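Keep in mind that this is a model prediction, so the values were computed, not measured.
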Amino acid sequence: MSGTSPATGTETGSGTGTETGSGTGTGTAVTVEQTASEQVPERREFGTGLLHTVVTGDPDRGYTWVRRPGPLSPAPFAAPGLDLAGPHGPAAPIAPDAPDAQAPAGAVRWAAGTETAEPGGRRYRVRGPESVARRLLHHGPDEDLVAVLEGVGRLLRTLHETPVPQDLAGDPQTRPRGLVRFTDWLAGRAASPRAAYAESRLRPRLGETRMAALHALCARIADEPDPVLCHGAPALGSLVPAVPSGGADLLIGEDLCLAPWYFDLGWILGELVELKWYRGDGHPAWPRLLDALFQGYGRDLGDEWGRLAALRVLLHLHDYTAYVGWDEKTFEKYTGFAMFLLDL
């Protein structure tokens with residue numbers, strides 16, 4: 001494969017195979033993109049082995065995002081059983097599944113998908129054609145996104161304060177899909193031969209102390225005695241700026257899970273840190289994006305932020321390797337950055 005890295009040309013979403021950055025979670029390289037026009041794309045299709053996305057629409061009719069697990073995805077989307085707008089859902093705006101859905105200018109809201117006619121996929125009605133990940137990758141941060149990240153923090157806090165439904169409490173299947181992929185990888189259970197090879201290189205590259213820190217963090221997340229309802233992969237590739245009114249829609253449902261509150265915040269933090277590092281620019285809005293996220297949420301990640309960021313960066317490396325391809329320079333570059341984060 002070519003020497004592209006996980007952050008280039010990606011559209012990250014659920015974790016990978018989105019616009020850049022899950023979702024899964026993931027946020028990994030774009031392999032196919034069709035654009036009718038650079039300014040007003042009528043159809044764009046992109047994906048990896050983990051996640052496939054098709055975006056259609058225009059400013060007048062609104063936009064539809066259809067996402068489904070890629071051909072190599074190790075797990076389906078989370079079951080669409082929770083009614084986010086119902087009596088047990090978070091008291092936050094939900095994007096209606098209607099082309100003429102209106103929202104106040106500047107509003108940041110959930111976009112809960114509906115199942116597609118073909119089993120396994122999700123259909124979302126949103127107010128924009130591209131993700132925050134793509135915008136940050138190609139243009140860097142701006143002040144409009146500061147308000148968006150603050151709104152995302154408020155949404156996540158509301159979600160985390162939502163009572164956990166009885167049918168989810170204690171269900172081992174509600175662990176974060178991204179965490180399962182990562183811990184399987186570290187444990188030598190990767191289904192992808194490329195990922196298995198990368199894991200054999202990871203331990204000597206990082207060293208036992210850093211590997212132990214990663215294992216301890218994963219165990220703490222998985223064994224949280226009092227988990228909250230989490231998005232599971234609030235990737236910047238799943239965050240869609242509204243045009244032209246401002247605000248954004250955050251796709252939700254594919255990775256809904258139970259986890260500690262810091263899992264969701266760490267996911268976004270890791271992607272912002274990765275994008276700033278990858279672009280190598282010193283724009284003053286980068287730290288303001290994180291400050292706004294934490295301000296909206298009401299707390300920050302304290303001294304754990306470096307390890308949480310490293311987890312997200314290394315999960316991105318895994319997803320790129322497993323679902324896009326192996327690249328020696330990418331492995332060296334991303335593991336080197338993860339080492340820096342783990343040593344903070």
Can you check whether [Y]'s main-chain N or O pairs, donor with acceptor, with [X]'s side chain at less than 3.5 Å?
| X | Y | result |
| --- | --- | --- |
| R203 | E208 | no |
| S200 | Y197 | yes |
| R177 | A75 | yes |
| W65 | G128 | yes |
| R194 | A322 | yes |
| T158 | R154 | yes |
| R201 | E332 | no |

Check the hydrophobic clustering (I, L, V, M, F, W, Y; side-chain heavy atoms under 4.5 Å; chains of links allowed) and say if [X] and [Y] are grouped together.
| X | Y | answer |
| --- | --- | --- |
| L186 | L317 | yes |
| V180 | L72 | no |
| L239 | V54 | no |

Within the 4.5 Å heavy-atom criterion, are [X] and [Y] side-chain neighbours or not?
| X | Y | result |
| --- | --- | --- |
| P241 | V148 | no |
| E304 | R220 | yes |
| I268 | D264 | no |
| Y320 | T48 | no |
| P74 | L50 | yes |
| L250 | V108 | no |
| T56 | V66 | no |
| L269 | F294 | yes |

Any chance you could measure [X], atom [atom1], to [Y], atom [atom2], to the nearest 0.5 Å?
| X | Y | atom1 | atom2 | answer |
| --- | --- | --- | --- | --- |
| R279 | L136 | CZ | CG | 8.0 Å |
| T114 | R123 | OG1 | CZ | 5.5 Å |
| L179 | D184 | CG | CG | 9.0 Å |
| L258 | D226 | CG | CG | 10.5 Å |
| R210 | R307 | CZ | CZ | 11.5 Å |
| L308 | W305 | CG | CH2 | 10.5 Å |

Pairing of [X] and [Y] as salt bridge, 4.0 angstrom limit:
| X | Y | answer |
| --- | --- | --- |
| R175 | E224 | no |
| D249 | R125 | no |
| R44 | E130 | no |
| R67 | E254 | yes |

Heavy-atom pair of closest approach, residues [X] and [Y]:
| X | Y | value |
| --- | --- | --- |
| P69 | G120 | CD-O, 3.3 Å |
| W286 | G140 | CZ2-CA, 4.5 Å |
| Q295 | E150 | NE2-OE2, 3.8 Å |
| C218 | F182 | SG-CD2, 3.5 Å |
| P260 | C230 | O-SG, 3.5 Å |
| V313 | E274 | CG2-CB, 4.1 Å |

With side chain to side chain contact (heavy atoms under 4.5 Å, CB included) as the criterion, how do T174 and V164 come out once you've worked through the C-alpha distance, each side chain's angles and the decisive distance to 0.1 Å?
CA-CA 11 Å; T174 56; V164 175; over 6 Å; no
May I ask you to check whether Y334 and W277 place their ring centres under 6.0 Å from each other?
yes
Who are the salt bridge (Lys or Arg N to Asp or Glu O under 4.0 Å) partners of D291, not counting sequence neighbours?
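Listed in chain order: nothing, the list is empty.
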Let's go through L311 and I221 carefully: what are the C-alpha distance in whole Å and the side-chain angles of both, what is the deciding distance for side chain to side chain contact (heavy atoms under 4.5 Å, CB included) to 0.1 Å, and is it a yes or a no?
CA-CA 11 Å; L311 188 156; I221 294 170; 4.1 Å; yes
Take L159 and W110 through the test side chain to side chain contact (heavy atoms under 4.5 Å, CB included) and record every step on the way to the result.
CA-CA 10 Å; L159 178 66; W110 297 121; 3.8 Å; yes
Please test R288 against E143 for side chain to side chain contact (heavy atoms under 4.5 Å, CB included), starting from the C-alpha separation and ending with a verdict.
CA-CA 9 Å; R288 287 205 287 273; E143 291 302 321; 2.4 Å; yes
Pick out which of V273, L342, L314 makes a side-chain contact (heavy atoms from CB on, under 4.5 Å) with F337.
V273
Mind checking what makes ring pair (Phe, Tyr, Trp, His ring centres under 6.0 Å) contact with Y297, not counting sequence neighbours?
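With neighbours one apart ignored, the set is H160, W261.
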